[in-house]
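Report on one structure; see the data block that follows.
Computed from heavy atoms alone, side chains included, the values below leave out hydrogens, waters and symmetry copies.
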Amino acid sequence: MSHEEKNTILQIIIGAAINIWLIFEIRQLYSNGLMDGPAAIQTWAETVFWIIIIAIVAGIGLTVIGTVIFSVIEKIILGEADYSFISDERDKTIASTGDKITLSIIGAGFIVLILGLKFGYEPIDCLILLMFCFSLGGLAGEVAKLARYRMSF
């Protein structure tokens, strides 16, 4: 398994955890009634801001820890670990595929946001939908990359 493939698996795990966390946080905001008042967008923005900051820091930390764990497991199971961090053309092509899928989902989310606003949906609901499109787009792009890695062998 290449270094890029291991990172893709880690990003899927981290992305899934962040998506679950986002769902719980937004659901909590709605259940507490904080998304109904005039300060709903401000409350949402503060919550998402802190989630992004924590997700970046945790993502970096978990990626480092996960890389070490992958290396230890490879060393134990295979007797040697792959320390090659070189990306080749295949890695760049696969990353491009994941990026295209991510951007397509983000673009679709933006169009849905515009349509939602046009047809009278609450702005906060449209922003939440866009946020989930960003998050799920990143996750879908990583899953597509992993599928391409698995199909290329």
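A 4.5 Å side-chain heavy-atom check between Leu146 and Gln11 finds every atom pair outside the cut-off. Contact annotation: the side chain of Arg90 never approaches that of Arg148 to less than 4.5 Å [non-hydrogen atoms, C-beta and beyond].
For the atom pair CD (Gln28) and CD1 (Ile23), the distance works out to 14.0 Å, reported to the nearest 0.5 Å. Atom CD1 of Ile18 sits about 9.5 Å away from atom CG of Leu139, to the nearest 0.5 Å. One distance of note links CH2 of Trp44 with CD of Gln42; it measures 11.0 Å at 0.5 Å rounding. Residue Phe134 holds its CZ atom at 11.0 Å from CE of Met131, rounded to the nearest 0.5 Å. Between the CD1 atom in Ile26 and the CH2 atom in Trp21 there is a gap of 11.0 Å [rounded to 0.5 Å]. Taken from OH in Tyr30 to CD1 in Ile124, the straight-line distance is 6.0 Å, to the nearest 0.5 Å.
Between the side chains of Asp91 and Tyr149, at least one donor N or O lies within less than 3.5 Å of an accepting N or O.
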What verdict does the side-chain contact (heavy atoms from CB on, under 4.5 Å) test give for Thr97 and Lys145, after you've listed the backbone C-alpha separation in whole Å, the side-chain angles of each residue and the deciding distance to 0.1 Å? CA-CA 7 Å; Thr97 300; Lys145 283 171 48 178; 5.8 Å; no

Evaluate the side-chain contact (heavy atoms from CB on, under 4.5 Å) criterion for residues Ile94 and Glu4: first the C-alpha distance (whole Å), next the side-chain angles of each, then the deciding distance (0.1 Å), finally the verdict. CA-CA 10 Å; Ile94 290 172; Glu4 292 296 323; over 6 Å; no

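With Glu25 as the fixed residue, the side-chain contact (heavy atoms from CB on, under 4.5 Å) test singles out one of Val48, Thr47, Ile20: Thr47.
Hydrophobic clustering (side-chain heavy atoms under 4.5 Å, transitive across Ile, Leu, Val, Met, Phe, Trp, Tyr) groups Ile128 together with Ile52. Both Leu10 and Ile12 are assigned to one and the same hydrophobic cluster, defined by single-linkage of ILVMFWY side chains at heavy-atom distances under 4.5 Å. A continuous path of hydrophobic side-chain contacts links Met35 to Ile51 [ILVMFWY only; heavy atoms under 4.5 Å]. Hydrophobic clustering of Ile, Leu, Val, Met, Phe, Trp and Tyr side chains at less than 4.5 Å, counting indirect connections, keeps Val64 apart from Ile56.
The closest donor-acceptor contact from the side chain of Thr67 to the backbone of Thr63 lies under 3.5 Å.
Other residues sharing a hydrophobic cluster with Val57 under the 4.5 Å side-chain heavy-atom criterion for ILVMFWY residues do not exist; the residue is a singleton.
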Only pairs under 3.5 Å count here: list side-chain donor-acceptor contacts from residues 102-111, not counting sequence neighbours, and write none if there are none.
residue	atom	partner	partner atom	Å
Thr102	OG1	Gly98	O	3.0
Thr102	OG1	Gly137	O	3.0
Ser104	OG	Lys100	O	2.8

Review item, side-chain donor-acceptor pairs of residues 113-122, under 3.5 Å, at least two apart:
none

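Looking at every heavy atom in both residues, Ile41 comes nearest to Pro123 through CD1-CB, 4.2 Å.
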